[in-house]
Trainee: 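I have a structure here, written as C-alpha cells, and I will follow up with some questions on it.
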2 protein chains.
Amino acid sequence: MQNSFTEENYLKIIHSLSGRDGAEVSTNALAESTATRAASVTDMLRKLAEKGLINYKKYQGVTLTEQGEKVAIKVIRKHRLWEVFLVEKLGFGWDEVHDIAEELEHIPSEILVEKLDTFLGHPRFDPHGDPIPDAKGNLTEPDYLVLTDVQIGEKVRMMGVLDHAPSFLQHLDRSGITLGSVIELKEVNDYDKSASVQINGGQTLFISLEVSKNLLVQRR
Amino acid sequence: MQNSFTEENYLKIIHSLSGRDGAEVSTNALAESTATRAASVTDMLRKLAEKGLINYKKYQGVTLTEQGEKVAIKVIRKHRLWEVFLVEKLGFGWDEVHDIAEELEHIPSEILVEKLDTFLGHPRFDPHGDPIPDAKGNLTEPDYLVLTDVQIGEKVRMMGVLDHAPSFLQHLDRSGITLGSVIELKEVNDYDKSASVQINGGQTLFISLEVSKNLLVQRR
DNA sequence: ATAAAATTTTAGACTAGCCTAAATTTTATT
DNA sequence: AATAAAATTTAGGCTAGTCTAAAATTTTAT
Ligand SMILES: [Mn+2]
Ligand SMILES: [Mn+2]
Ligand SMILES: [Mn+2]
Ligand SMILES: [Mn+2]
C-alpha cells in the first residue's frame, strides 16, 4: 500500500519532533507543525496506527514504528538530495530550496532517488549541513554543538543550522557565515548573551543569542 | 487561485486531444484519457469552466480558453524539460521517463522551471522529439510526416514518435532506430504494408505498419 | 484530594474527486 | 419524422483530509 503525500508529511514530522531518543510526540505539537487542528491530527493518527506506521494509544502521544521510521527516512533522504540538486546544480540559494524540496520529496520512484544520488556524487550532507540517509536507510546524526556551548577563545567550524527559515539563512549570508566557516568566539556579553565572533580569521561581528542558539558547530 | 494536480492533468489532456486546430473534446474522450467515468469528467468540466479555464456548454464538448491554454502549455513545458533532465542528466532510457515526468510536471515553482531550463541548455525537444514550449508559452509543432507518407526510395530522418508507450520505444531500441537515425524506405509490402528500411546506411530491417504509423520523420 | 486548566478525542459537517444508476439530450437509423 | 442508440448530465453516495464545537481525559495548581 502506497502512502499519501499527507501521510508522508506526518511521518517525517513525527520523526523530527521525536528527536534522536524517539520520544513521544503530542497531538498538539503535530497540529502546530502540520498547520492543522488537533482534531484533524487525531484522525490521521488513527489511520497511521491502522497502517502500522506509528505506535498510538489514545491520549498518550505517538512514536514511529520501525516501518514508519523507514518511510520517514526515505522521505528525508529524498528531501535532502533534492536540496543538494537545487543548490549545487541549479544554483539556488540555501534559503530558497526548502519549499521546493518539500514537494519533490514526495515523488515516488525509488530508482529516481538512486540515480539522483549518483548524479550528485553521493553527497553526505544537504545545503544546511543536515546528514543525508544512505540508500539502506541509515541516518547518523553527527553530534555537533550549538554555538552557545562554545567557550570564549575557542575556534570552531560552522557545520549546520537549527533554524531553516529563509530569513535566518539570509541573515547568515549577509554576515558572511556559511557552512565551513571558522568561527572564533571572542567574547560574550553577560547582559544579553550576544557575542562577538571572528569569521575565517577576518571580520569580527556581533551576533545575537538568537543566532548563536541556531548555529551548529564542531571543535577542530 | 492555484490549480490542483487533477485540474492540470485535465487541461493538459484537453490540449492534447484538441489537436493543433483546437477542436472540441468530448466527455467520453476525456473519461478514457483520465481513466475515470464520464460522470466524473462532467463534474470536473463544470469546475474548470467556473474557473474560466475551458469553454463548456452542456453536451457540446470543451475547448481551452486562452487562460486554460496557458496553464496547459506550462505543464507541458515542465513535463518535457523534466524528461530531458531524466534522460540527459540521470541516464534514464527514453522508455522510462514518462511516468516520473507525469509527477514532476506538477511541481509548482516558476523559477525552478527556468533554472532547470538553463541547466539543461534550453533544449528545444524532449527525448521523444516533442517540442518544448519556451518560457513565454510559445509552442510550435514542427510539421513532420509519418513514415507511412514517405515514398519508396526516399531517405528521411527520424524525428519523433506518436506512440510513447515503453513497449514501443523499447522495440525501436532493439531495432536500432533512435532520434536522428536516417531511414531509407526500400520497399513496402502491398499485402500488409509492412516495410523494409535501411538504418543509417547500414542494417536493413522489416517494420510493421504499426511501427511505420508511429514514426515521425523529416525529408532532408 | 479536589478543582481548574490544558490536552486530546469524538461528533458532526464540509470540499475535492471519484463512483453507480437513472434521467436527459444528441445523434444515427429506419 | 419517429424511434433506437449513444453520449452526456444529474442524483445520490463514498473516501481522504480538513474544520468547529462539545465531551472526555490528563495534568497542574490549590
Ligand atoms: Mn529543507
Ligand atoms: Mn535541508
Ligand atoms: Mn512523457
Ligand atoms: Mn516526451
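None of the values given here were measured: they were computed from a predicted structure. Residue numbers start from 1 in every chain, and the chains themselves are labelled A, B, ... in the order their sequence lines are given, proteins ahead of strands.
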Trainee: Would you classify B:Thr27 as touching base, sugar-phosphate or nothing, given that sugar-phosphate means primed atoms plus P, OP1 and OP2, and contacts are heavy atoms under 4.0 Å?
Mentor: sugar-phosphate
Trainee: Whole Å only: how far is the CD atom of A:Glu7 from the P atom of D:dT15?
Mentor: 15 Å
Trainee: Mind checking the CH2-CD1 spacing from B:Trp82 to B:Ile132? Nearest 0.5 Å is all I need.
Mentor: 13.0 Å
Trainee: Distance check needed: D:dA16 P versus A:Gln2 CD, whole Å only.
Mentor: 15 Å
Trainee: Measure the distance from CG on A:Leu45 to C1' on D:dT18 and round it to the nearest whole Å.
Mentor: 14 Å
Trainee: In whole angstrom, give the distance that lies between atom NZ of B:Lys57 and atom P of D:dT9.
Mentor: 13 Å
Trainee: Start with the C-alpha gap between B:Asp95 and B:His164, add the side-chain angles, then the distance that decides, and say whether side chain to side chain donor-acceptor pair (under 3.5 Å) holds.
Mentor: CA-CA 8 Å; B:Asp95 57 312; B:His164 290 202; over 6 Å; no
Trainee: Rounded to whole angstroms, how far apart are CG on B:Asn9 and P on C:dA16?
Mentor: 17 Å
Trainee: Are B:Arg124 and B:Asp134 ion-paired here, with the side-chain N under 4.0 Å from a carboxylate O?
Mentor: no
Trainee: For B:Met44 and D:dT8, give me the distance from atom CE to atom P, rounded to whole Å.
Mentor: 17 Å
Trainee: How does DNA chain D look in dot-bracket form if you count Watson-Crick and G-U pairs under 3.5 Å, write [ ] for pairs that cross, and put | where a base pairs with another strand?
Mentor: ||||||||||||||||||||||||||||||
Trainee: Check for me whether the distance between the ring centres of A:Phe85 and B:Phe85 falls short of 6.0 Å.
Mentor: yes
Trainee: Checking side chain to side chain donor-acceptor pair (under 3.5 Å) for the pair A:Asp192/A:Ser194: CA distance, chi angles, key distance, verdict?
Mentor: CA-CA 5 Å; A:Asp192 63 359; A:Ser194 65; 2.8 Å; yes
Trainee: Just to verify, which of A:Arg80, A:Lys78, A:Arg77 counts as forming a salt bridge (charged side-chain N to carboxylate O under 4.0 Å, His left out) with A:Asp117?
Mentor: A:Arg77
Trainee: Taking 4.0 Å as the cut-off, does a side-chain nitrogen or oxygen of A:Asn28 come that near to OP1 or OP2 on C:dA6?
Mentor: no
Trainee: Here's a test for you: under side-chain hydrogen bond (donor to acceptor under 3.5 Å, both in side chains), which of B:His106, B:Glu103, B:Glu105 qualifies with B:His79?
Mentor: B:Glu105
Trainee: Tell me whether A:Glu110 is salt-bridged to A:Lys74, with the criterion being a basic N under 4.0 Å from an acidic carboxylate O.
Mentor: yes
Trainee: Heavy-atom nearest nucleotide on DNA chain C for B:Phe5 versus A:Ala29: which residue maps closer to 5'?
Mentor: A:Ala29
Trainee: Using a 4.0 Å cut-off on protein heavy atoms (strictly under), produce a 5'-to-3' string for nucleotides 19-28 of chain C with B for base contact, S for backbone-only sugar-phosphate contact, and - for none.
Mentor: BBB--BSS--
Trainee: Okay, side chain of A:Thr65, backbone of A:Leu53: is any donor-acceptor separation there less than 3.5 Å?
Mentor: yes
Trainee: Under 4.0 Å between a side-chain N or O of B:Tyr56 and OP1 or OP2 of D:dT8?
Mentor: no
